[in-house]
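In what follows, a single structure is set out as structure tokens and then discussed.
Residues take their numbers from the sequence shown, with the count starting at 1.
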Amino acid sequence: MSDQLLRLTVLGCATPYPSVDNPCSGYLVSSGDTRIWVDAGSGTLGPLQRHVRLEELDAIWISHLHADHSADLLTAYYGALYADIRLAAPIPLYGPPGIADRLAGFLTNTPARSPIESAFAVTELHDGHQVTIGSLRLTSRAVAHGIPAFAVRIETVGRSLVYSGDTAPCQSLTELAEGCDVLLCEAESAQAQAEGDQVHHTPEDAGGTARAARAGRLIVTHVGRFLTPQQAVARASARFDGPVDYATPGATFTIGQATTASVRSTS
């Protein structure tokens with residue numbers, strides 16, 4: 001049934017700052033009447049509104065607190081409380097530990113703390129956190145990014161999408177993605193770090209994670225400035241035999257009996 005399909009809409013995937021035609025990391029995941037804003041990077045609130053208004057969201061899920069994944073929570077806060085939006089209740093917000101105080105630290109301009117909790121009902125993530133939101137089940141796992149960071153598996157009846165957030169290859173991501181229909185995996189690094197701990201995937205790493213997890217399809221995203229999307233797809237394909245796509249801004253991937261993609265014109 002169509003209302004059991006998962007839909008992934010790419011709001012943006014640029015790093016570490018928006019391009020003219022590509023906001024930073026942000027996605028809308030939906031199934032039936034359930035709609036979740038996954039990562040809120042710089043510039044993603046604009047294209048989000050092509051599909052859903054803030055007060056129509058069922059939840060927001062944030063992988064980590066780098067600005068290219070979370071900065072539009074600041075403008076969403078102003079929209080939710082001080083503009084034309086009328087919330088029936090604060091928007092459920094799932095994010096790393098300390099997310100509420102981090103937002104308040106930026107938004108507070110007087111001795112009184114900004115009322116973050118009037119806009120967002122905050123739940124802090126932990127490794128293995130699970131929640132059901134509407135028709136979707138979310139499972140979060142801690143991943144390797146040098147700061148508190150999470151990946152998420154989003155499931156509905158017979159459909160599954162895993163989003164890596166930002167992370168080096170790690171066992172927790174591979175376990176989370178086991179047998180998923182689609183793995184949306186970052187491929188930020190043109191090459192692995194020569195020194196220090198790795199904190200991102202290369203395209204080859206993304207292909208390797210998809211292969212190890214036996215994912216049905218790989219979508220590479222968050223491709224760094226020193227790679228083209230075509231290069232990232234080609235390099236990931238060298239490690240993964242399944243279909244490989246790029247998270248084109250504006251594209252919607254329908255995850256069902258066969259995953260399909262369409263791109264909305266922005267003209």
Side-chain angles (χ1 to χ4, degrees), residues 1-13 23 25-41 44-63 69-70 72-73 76-77 79-80 85-96 99 119-126 128-141 150-165 176-177 179-184 215-217 219 221 247 249-264:
M1 295 175 61
S2 62
D3 61 358
Q4 294 178 337
L5 299 179
L6 265 174
R7 290 181 176 83
L8 165 69
T9 298
V10 181
L11 307 175
C13 63
S25 290
Y27 311 89
L28 175 65
V29 177
S30 60
S31 180
D33 295 329
T34 304
R35 291 164 290 194
I36 303 174
W37 186 10
V38 174
D39 273 353
T44 58
L45 179 55
L48 176 72
Q49 294 171 87
R50 292 195 181 105
H51 309 278
V52 61
R53 287 172 57 87
L54 278 175
E55 68 267 34
E56 296 171 334
L57 287 169
D58 293 281
I60 304 170
W61 185 93
I62 300 296
S63 64
H69 292 258
S70 64
D72 266 20
L73 289 176
Y77 164 83
I85 293 165
R86 297 293 177 263
L87 297 180
I91 304 167
L93 171 61
Y94 299 87
I99 187 171
F120 305 118
V122 178
T123 298
E124 293 187 346
L125 296 173
H126 59 78
H129 179 274
Q130 292 188 322
V131 64
T132 297
I133 302 169
S135 60
L136 298 176
R137 180 73 168 170
L138 278 66
T139 302
S140 300
R141 290 294 309 271
F150 296 86
V152 64
R153 185 180 183 114
I154 304 176
E155 298 173 290
T156 188
V157 181
R159 321 287 183 223
S160 55
L161 164 70
V162 172
Y163 169 49
S164 66
L176 186 69
C180 67
D181 291 308
V182 171
L183 172 61
L184 176 66
R217 190 180 203 97
I219 302 173
T221 191
T252 294
F253 295 86
T254 301
I255 303 166
Q257 307 222 339
T259 299
T260 59
S262 61
V263 180
R264 177 190 176 99

Contact check, side chains of [X] and [Y], non-hydrogen atoms, under 4.5 Å:
X: I154; Y: L6; result: yes
X: D39; Y: I62; result: yes
X: L11; Y: H51; result: yes
X: I99; Y: L73; result: yes
X: V182; Y: F253; result: no
X: I219; Y: L8; result: yes
X: R86; Y: E55; result: no

If we ignore angles and hydrogens, is there a donor and acceptor under 3.5 Å between the side chains of R35 and S30?
no
Go through the structure and list residues passing salt bridge (Lys or Arg N to Asp or Glu O under 4.0 Å) with R153, not counting sequence neighbours.
E155
Salt bridge (Lys or Arg N to Asp or Glu O under 4.0 Å) partners of E56, counting only residues at least two apart
none
For a quick test of reading the model, state the closest non-hydrogen atom pair linking [X] to [Y] and the distance between them.
X: A76; Y: L54; answer: O-CD1, 3.7 Å
X: D33; Y: D58; answer: O-OD2, 3.4 Å
X: R7; Y: L5; answer: NH2-CD1, 3.9 Å
X: R141; Y: G128; answer: CD-N, 4.0 Å
X: A247; Y: T221; answer: CB-OG1, 3.5 Å
X: V162; Y: C180; answer: CG2-CB, 3.8 Å

S25: partners by side-chain hydrogen bond (donor to acceptor under 3.5 Å, both in side chains), with sequence neighbours left out:
H222
Qualifying residues under side-chain hydrogen bond (donor to acceptor under 3.5 Å, both in side chains), relative to W37, sequence neighbours excluded:
none
Please check this pair: side chain of S135 against backbone of S31, looking for a donor-acceptor N/O pair closer than 3.5 Å.
yes
Please check this pair: side chain of S160 against backbone of D181, looking for a donor-acceptor N/O pair closer than 3.5 Å.
yes
Using 0.5 Å steps for rounding, measure from the [atom1] atom of [X] to the [atom2] atom of [Y].
X: E124; Y: L93; atom1: CD; atom2: CG; result: 10.0 Å
X: T44; Y: H69; atom1: OG1; atom2: NE2; result: 10.5 Å
X: L57; Y: I91; atom1: CG; atom2: CD1; result: 5.5 Å

Partner set under ring pair (Phe, Tyr, Trp, His ring centres under 6.0 Å) for H129, not counting sequence neighbours
Y94, H126
By ring pair (Phe, Tyr, Trp, His ring centres under 6.0 Å), which residues pair with Y163, not counting sequence neighbours?
Y27
